[in-house]
Amino acid sequence: MQRPGKIISAVIGGSLISFTLAATADNTNKAVGTKVSFAPAENTTNRPAVVVPSEKDAFVFSAPPTGNYAEDLAMYQPIADYLTRVTGKHFVYRYADNWLSYSKEMTNGTYDLVVDGAALNGWRLDRMNHTPLVKLSDDLTFVTIARKDNRKITTLKQLAGQKVCANSPADPEMVALLSQLDNPARQPVIVQTKGWDGAYQGLIEGKCAGTVLPLKHLEKNDGGLINVLYQHKPIPSHTFSAGPRITPALQAKIQMALLADEGRNATAKLRAVFGSEGLVEANAAEYANLGKLLKDSLYYY
C-alpha cells in the first residue's frame with residue numbers, strides 16, 4: 001500500500017519552496033519540488049532590514065559639469081553620502097554631463113540642493129525660492145586676459161565678437177565678462193575648454209583671443225605671457241543653495257553639517273578644485289541682482 005507523501009518547506013533565496021516526498025512502490029521517498037509561493041526570509045539578527053529609498057523619495061543634489069563622470073562623482077558623491085548620514089534624509093547625487101542639460105534640469109526645479117556660481121544662486125534666489133546656505137570661503141576676483149604679444153587685443157571691449165576660451169557662458173567667470181560686454185550683437189564666441197587650466201592653455205596656444213581666470217589662478221600660472229585687460233569686482237565663490245522641498249529645519253541641519261569638521265572632509269575634493277580653505281555661512285543679500293547677469297543665457301531669461 002502506498003503511503004501519503006510528506007510535505008517539507010524551506011526558505012531558499014527569499015522564496016518559500018515546498019517539496020512533496022512522494023512514496024513509491026519500493027517504499028523510497030523521492031522529492032518533487034514546486035515553487036508554490038513567495039515569502040521573505042525572516043531576519044535572524046536583531047537589526048532591522050536595511051531599506052534603500054528610491055530616488056523619487058530622495059532629495060536630488062547636483063552641480064555643473066566640471067570634468068568627466070568619474071571625476072565629478074568622486075567630488076560630489078561623498079557630499080551626498082555625508083548629508084544622508086548626518087540628516088537622516090536620503091540625498092542622491094545627479095550627474096550632469098553638459099551645461100544645457102544641467103541648466104534645463106535646474107530651471108525645471110529637478111534639483112533640491114545645488115552647488116554652483118554666484119549668478120546662478122542669485123537667479124534661483126529670485127526665481128525659484130532657493131536659499132543660499134554655505135559658500136566656499138574665498139570670494140572670487142576674476143581677471144579678463146589676453147596674450148601680451150597680441151597687439152589687436154589691448155582692451156576688454158576689443159573682445160566683442162572674438163573667440164574666448166571658457167567652459168560655459170553660465171560659468172561665473174564668463175558671467176563677469178559678459179556683464180561688461182552688453183551689446184548682444186557683439187557677444188564673444190565661446191571656445192569650449194575644460195576648466196581654468198584648459199582655458200589658459202587654449203589662450204596660450206592661440207585657440208582664442210582672450211579668457212577669464214580667477215586672479216589667484218593667474219598668479220600661480222602666469223609666465224609673463226599675459227596682459228590683464230580688466231579686473232572684475234569680487235563675487236561670492238561657489239555656493240550651496242536649497243530649494244523649497246527642503247524645509248527650513250532641514251536647511252539648518254545641512255548648513256551645520258557642511259560647516260562642521262566632517263563637512264570639511266566631505267567637501268575636500270570640491271574645495272581643492274576651487275582653491276578654497278573652507279566653507280562659511282552664505283548671506284542671501286550677497287546674491288541680490290546677480291541673477292540678472294544671466295538674462296542673455298539660454299533658460300535664464
Side-chain angles (χ1 to χ4, degrees), residues 55-56 58-77 79-80 92-130 132 140 142 159-179 181-199 201-202 207-208 210-213 235 237-245 270 273-274 287 290-301:
E55 187 164 324
K56 70 178 181 178
F59 293 109
V60 179
F61 167 54
S62 193
T66 57
N68 60 37
Y69 174 74
E71 291 170 343
D72 282 4
L73 188 69
M75 183 158 49
Y76 296 116
Q77 186 62 51
I79 300 174
V92 295
Y93 166 61
R94 177 82 62 83
Y95 172 69
D97 62 355
N98 63 76
W99 264 96
L100 286 180
S101 63
Y102 172 74
S103 297
K104 182 178 179 181
E105 293 293 332
M106 190 261 283
T107 56
N108 283 344
T110 301
Y111 305 142
D112 298 298
L113 183 68
V114 192
V115 56
D116 55 18
L120 291 165
N121 275 269
W123 189 91
R124 289 194 299 274
L125 176 67
D126 294 337
R127 304 288 289 272
M128 302 192 71
N129 197 28
H130 267 236
L140 293 174
F142 290 106
L159 286 178
Q162 299 294 317
K163 292 180 179 179
V164 172
C165 287
N167 189 42
S168 162
D171 266 357
E173 60 268 27
M174 283 306 297
V175 169
L177 171 60
L178 296 177
S179 69
L181 301 174
D182 53 5
N183 183 351
R186 295 286 293 161
Q187 291 292 299
V189 177
I190 303 299
V191 176
Q192 191 167 15
T193 54
K194 181 181 176 182
W196 292 323
D197 287 337
Q201 194 61 36
K207 296 178 181 178
C208 48
T211 189
V212 190
L213 297 177
I235 61 173
S237 189
H238 279 60
T239 303
F240 288 81
S241 79
R245 283 208 322 135
L270 171 66
V273 167
F274 295 103
Y287 306 89
L290 290 181
K292 295 178 181 178
L293 299 175
L294 297 171
K295 65 183 187 308
D296 296 322
S297 302
L298 183 64
Y299 295 118
Y300 300 102
Y301 47 82

If you compare all heavy atoms of Tyr111 against all heavy atoms of Ser101, which two are closest, and at what distance to 0.1 Å? OH-O, 4.4 Å

What distance do His238 atom NE2 and Leu140 atom CG have between them, rounded to the nearest 0.5 Å? 7.5 Å

The single option from Leu293, Thr107, Leu290 that satisfies side chain to side chain contact (heavy atoms under 4.5 Å, CB included) with Trp123 is Thr107

Of Ile190, Leu213, Thr211, the residue whose pairing with Cys165 passes side chain to side chain contact (heavy atoms under 4.5 Å, CB included): Thr211

Tell me the closest heavy-atom pair linking Val164 and Pro188, and the distance in Å. CG2-CB, 3.5 Å

Could you tell me whether the side chain of Asn167 and the main chain of Thr66 form a donor-acceptor pair under 3.5 Å? no

If we count only N and O atoms by modelled type, under 3.5 Å, do the side chains of Tyr287 and Thr239 hold a donor and an acceptor together? yes

Within a radius of less than 6.0 Å around NZ of Lys104, do more than 12 heavy atoms belonging to other residues, nucleotides or ligands occur? no

Where the side chain of Glu71 meets the backbone of Asn68, is there a donor-acceptor pair that is under 3.5 Å apart? yes

Are His130 and Pro244 close enough that some pair of their side-chain heavy atoms sits under 4.5 Å apart? yes

Roughly how far, to the nearest 0.5 Å, is the SG atom of Cys208 from the CD atom of Gln201? 10.5 Å

For Ala63 and Tyr93, work out which heavy atoms get closest and say how close. N-CE1, 4.5 Å

Might you point out which heavy atoms bring Ala58 and Asp112 nearest each other, and give the distance in Å? O-OD2, 4.1 Å

With heavy-atom distances below 4.5 Å as the criterion, would you say the side chains of Leu120 and Met106 are in contact? yes

So Phe142 and Leu177, do their side chains get closer than 4.5 Å, heavy atoms only? no

Ignoring hydrogens and geometry, is there a side-chain-to-backbone donor-acceptor pair from Asn108 to Thr110 under 3.5 Å? no

Mind listing the closest non-hydrogen atom pair of Tyr300 and Ser103 along with its distance? OH-OG, 2.8 Å

State the CD-CZ distance between Gln77 and Phe61, to the nearest 0.5 angstrom. 9.0 Å

Can you tell me how the ring of Tyr69 sits relative to the ring of Tyr95, calling it parallel under 30°, perpendicular over 60° and tilted otherwise? perpendicular

Would a 4.5 Å heavy-atom cut-off, applied to side chains only, mark Pro65 and Asp97 as touching? no

For Lys207, salt bridge (charged side-chain N to carboxylate O under 4.0 Å, His left out) partners two or more places apart: Glu205

Would you say Arg186's side chain and Ala160's backbone share a donor-acceptor pair under 3.5 angstrom? yes

Would you say that Leu125 contacts Pro132 through its side chain, given a criterion of any heavy-atom pair below 4.5 Å between the two side chains? yes

Who pairs with Tyr102 by side-chain hydrogen bond (donor to acceptor under 3.5 Å, both in side chains), at least two apart in sequence or on another chain? Asp116

Side chains of Trp196 and Glu173: do they bring a donor and an acceptor to under 3.5 Å? yes

Can you sort out the partners of Thr193 under side-chain hydrogen bond (donor to acceptor under 3.5 Å, both in side chains), two or more places apart, ordered by chain and number? none

